[in-house]
Colleague: 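Encoded as structure tokens, here's the structure I'll be asking about.
The model shown is predicted, which means the values in this text are computed figures rather than measured ones. Residue indices begin at 1 and follow the sequence shown. As the structure lists them, so they are numbered: ligands from 1, and atoms in each ligand from 1.
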Amino acid sequence: MTETPDVIVIGGGQAGLAAGYYLRRAALDFLILDAGTGPGGAWRHGWPSLRLFSPAGYSSLPGWPMPARAQGGYPTRDEVIDYLTRYEARYELPVQRPAAVEAVLPGDGALLVRTATREFRAKAVISATGTWSAPFTPDYPGQSLFRGAQVHSARYAGPDAFAGQRVLVVGGGNSGAQILSEVSMVAETTWVTEREPLFLPDDVDGRVLFERATARLRGGAGDEPVGGIGDIVMVPPVVEARARGVLASVRPFARMTEHGVVWPDGRETGVDAIIWCTGFRPALAHLAELGVLEADGRVSVRGYQSVKEPRLWLTGYGDWCGPGSATLIGSARVARELVPQLQAQLIRPA
Ligand code: FAD
């Protein structure tokens, strides 16, 4: 049997929940379909020691601020999962899981949304599937020859597996810095980054990243702030790693071999394991049959709305669908603007 809510939100991570909050306030008939087996979105898969780079006061969804930490500082992964779990219960958000959407298809007067077992028709769809399920690893010549271990940060589970090994940590963002910091306690590490990493001053916390993203959007002529969401926030483990002298980085190797990597000057280094902290791409495979995916793997949007399919809305994937939209506070801002626009469209269809 086909179910017919007005709006379907695909993805029940922070972006989907923020949208749900405003859909609830607008008294719209909606469902959130989430592939996960429990609340928390991508945070359920983060490594145990993962810390937010934004303080609690800058990590809140609409309506209910993230509780400040008793000890101050940056919230942990488990605190975020707990917050999101309680958030969806508090606002009685209609999240169904596990419900992985396989395809969204154009239909007469509605979009068809299919999971493996169910079918829905909705007047509008908000895609909020995040990026975690689409980790990105760059191609290096010889990669298939390498016999050591390779793990992406999306599946990194802590430093113990690397004890006593020669490990390359590849990637110069917050994931790379935080993972390097703890793996270097138990292993011989080399940090490989495309360019010199950008460290924020110690007394500047993640707030500044959001302020910069907003300022960039407003386009202050001539005085655009440098840096972006990827700059490294000096959370305590990273400060401690700097004191140990392990934060130095080198530029990328030229190719991989069976047992290591070869640098541009021809030197070869033996390597037991590589941890790829090289980011993610938008997880949009469920939109493939809708004909909206561009060559760069994104959807062309005007604001948060697909240009090719105006019944489709997007949030949470990065700055291209709202400044800072892949962060907690950014997803809240996007949802606050997106839902009234979507509601207006339901009243006056294009
Ligand atoms: P997700 O949390 O990935 O949620 C998407 C949900 O959609 C998941 O539950 C998934 O199961 C589901 N899904 C996927 N595909 C389908 C499908 N086809 N059908 C149905 N459901 C589907 N942000 C901050 O604000 N502050 C920070 O300090 C911060 N630190 C970070 C540190 C690291 C190391 C990383 C990696 C990220 C950090 N972020 C931070 C960024 C951001 O908050 C997360 O990436 C966030 O989880 C993105 O939320 P989302 O809701 O868009 O996606």
Colleague: What class does the angle between the rings of Tyr91 and Tyr21 fall in, given that below 30° is parallel, 30 to 60° is tilted and above 60° is perpendicular?
Modeller: perpendicular
Colleague: Does any non-hydrogen side-chain atom of Phe253 lie less than 4.5 Å from one of Trp263?
Modeller: yes
Colleague: Could you grab the distance from atom CE of Met256 to atom CG of Leu145, nearest 0.5 Å is fine?
Modeller: 8.5 Å
Colleague: Using a strict 4.0 Å cut-off to heavy atoms of Ile10, name the atoms of ligand 1 that fall inside it.
Modeller: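 In order of numbering, the contacting atoms are 17 (C), 19 (N), 20 (C).
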Colleague: Any nitrogen or oxygen of Ala42, side chain or backbone, less than 3.5 Å from one on ligand 1?
Modeller: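 Yes: some nitrogen or oxygen of Ala42 is under 3.5 Å from one in ligand 1.
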Colleague: Under the side-chain hydrogen bond (donor to acceptor under 3.5 Å, both in side chains) criterion, do Gln178 and Ser181 qualify, and how do the steps go?
Modeller: CA-CA 5 Å; Gln178 289 192 22; Ser181 297; over 6 Å; no
Colleague: With a 4.0 Å cut-off on heavy atoms, is Trp47 in contact with ligand 1?
Modeller: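 Contact present.
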Colleague: Does a donor on one side chain sit under 3.5 Å from an acceptor on the other, for Ser249 and Thr193?
Modeller: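 A donor-acceptor contact under 3.5 Å links the two side chains.
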Colleague: Any N or O on Leu328 sitting closer than 3.5 Å to an N or O of ligand 1?
Modeller: yes
Colleague: Indicate yes or no: does an N/O atom of Ala35 lie under 3.5 Å from an N/O atom of ligand 1?
Modeller: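 So ligand 1 has an N or O lying under 3.5 Å from an N or O of Ala35.
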Colleague: Is it the case that ligand 1 has an N or O less than 3.5 angstrom from some N or O of Leu50?
Modeller: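 No, Leu50 has no N/O under 3.5 Å of an N/O on ligand 1.
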Colleague: Does even one non-hydrogen atom of Ala99 get within less than 4.0 Å of ligand 1?
Modeller: yes
Colleague: Quick check on contacts: which atoms of ligand 1 are under 4.0 angstrom from a heavy atom of Ala100?
Modeller: 19 (N), 20 (C)
Colleague: Please check if the distance between the ring centroids of Trp64 and Tyr83 is under 6.0 Å.
Modeller: yes
Colleague: May I ask you to list the atoms of ligand 1 that are less than 4.0 angstrom from any heavy atom of Gly13?
Modeller: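 Atoms satisfying the 4.0 Å criterion: 4 (O), 6 (C), 51 (O).
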Colleague: If I compare all heavy atoms of Ala273 with all of Gln165, which pair ends up nearest, and what's the gap?
Modeller: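 Reported closest heavy-atom pair: CB-OE1, 3.5 Å.
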Colleague: Under a 3.5 Å cutoff, is there a donor and acceptor pairing between the side chains of Tyr156 and Glu182?
Modeller: yes
Colleague: Would Val101 count as being in polar contact with ligand 1, using the rule that some N or O on each side must be under 3.5 angstrom apart?
Modeller: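 N/O-N/O distance under 3.5 Å: yes.
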Colleague: Counting heavy atoms only, name the option from Gly41, Ala128, Cys277, Ser175 that's nearest to atom 5 (C) of ligand 1.
Modeller: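 Nearest option to atom 5 (C) of ligand 1, by heavy atoms: Ala128.
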Colleague: Under 3.5 Å between any N/O of Leu52 and any N/O of ligand 1: does that happen in this structure?
Modeller: no
Colleague: Is it the side chain, the backbone, both or neither of Trp43 that has a heavy atom closer than 4.0 Å to ligand 1?
Modeller: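 The answer is the side chain of Trp43.
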Colleague: When you measure from the side chain of Ser325 to the backbone of Gly318, do you find a donor-acceptor pair of N or O atoms at a distance under 3.5 Å?
Modeller: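 Side chain of Ser325 to backbone of Gly318: a pair is present.
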Colleague: Which part of Asp34 is near ligand 1, with near meaning a heavy atom under 4.0 Å away: side chain, backbone, both or neither?
Modeller: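 The part of Asp34 near ligand 1 is both the backbone and the side chain.
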Colleague: Which atoms of ligand 1 are found less than 4.0 Å from any heavy atom of Ala15?
Modeller: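 Listed by number with element: 51 (O), 52 (O).
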Colleague: Compare Thr327, Val334, Leu33 and give the one whose heavy atom is closest to atom 23 (N) of ligand 1.
Modeller: Thr327
Colleague: With a 3.5 Å cut-off and sequence neighbours excluded, list the donor-acceptor pairs that the side chains of residues 281-292 form with protein atoms.
Modeller:
| from | atom 1 | to | atom 2 | distance (Å) |
| --- | --- | --- | --- | --- |
| His286 | NE2 | Ser127 | OG | 2.8 |

Colleague: Would Ser54 count as a polar contact of ligand 1, with the cut-off being nitrogen or oxygen pairs under 3.5 Å?
Modeller: yes
Colleague: Check Thr115 against ligand 1 and report side chain, backbone, both or neither, counting heavy atoms closer than 4.0 Å.
Modeller: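 For Thr115, there is no contact with ligand 1 at all, from either part.
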Colleague: Rounded at 0.5 Å granularity, tell me how far CE in Met234 sits from CZ in Arg242.
Modeller: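 So the CE of Met234 and the CZ of Arg242 are separated by 4.0 Å.
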Colleague: Given that the side chain starts at C-beta and the backbone is N, CA, C, O, which of these parts of Ser153 lies under 4.0 Å from ligand 1, counting heavy atoms, or is it both or neither?
Modeller: neither
Colleague: Find the distance between CZ (Arg311) and CD (Gln345) and round it off to the nearest 0.5 Å.
Modeller: 8.5 Å
Colleague: Give me the one residue out of Val95, Val9, Val113, Thr129 that meets side chain to side chain contact (heavy atoms under 4.5 Å, CB included) with Leu33.
Modeller: Val113
Colleague: Could you check whether any heavy atom of Ser59 sits closer than 4.0 Å to an atom of ligand 1, since that is the contact criterion I want to use?
Modeller: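 Per 4.0 Å heavy-atom rule, Ser59 does not contact ligand 1.
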Colleague: Please verify whether a non-hydrogen atom of Asn174 lies at under 4.0 Å from ligand 1.
Modeller: no
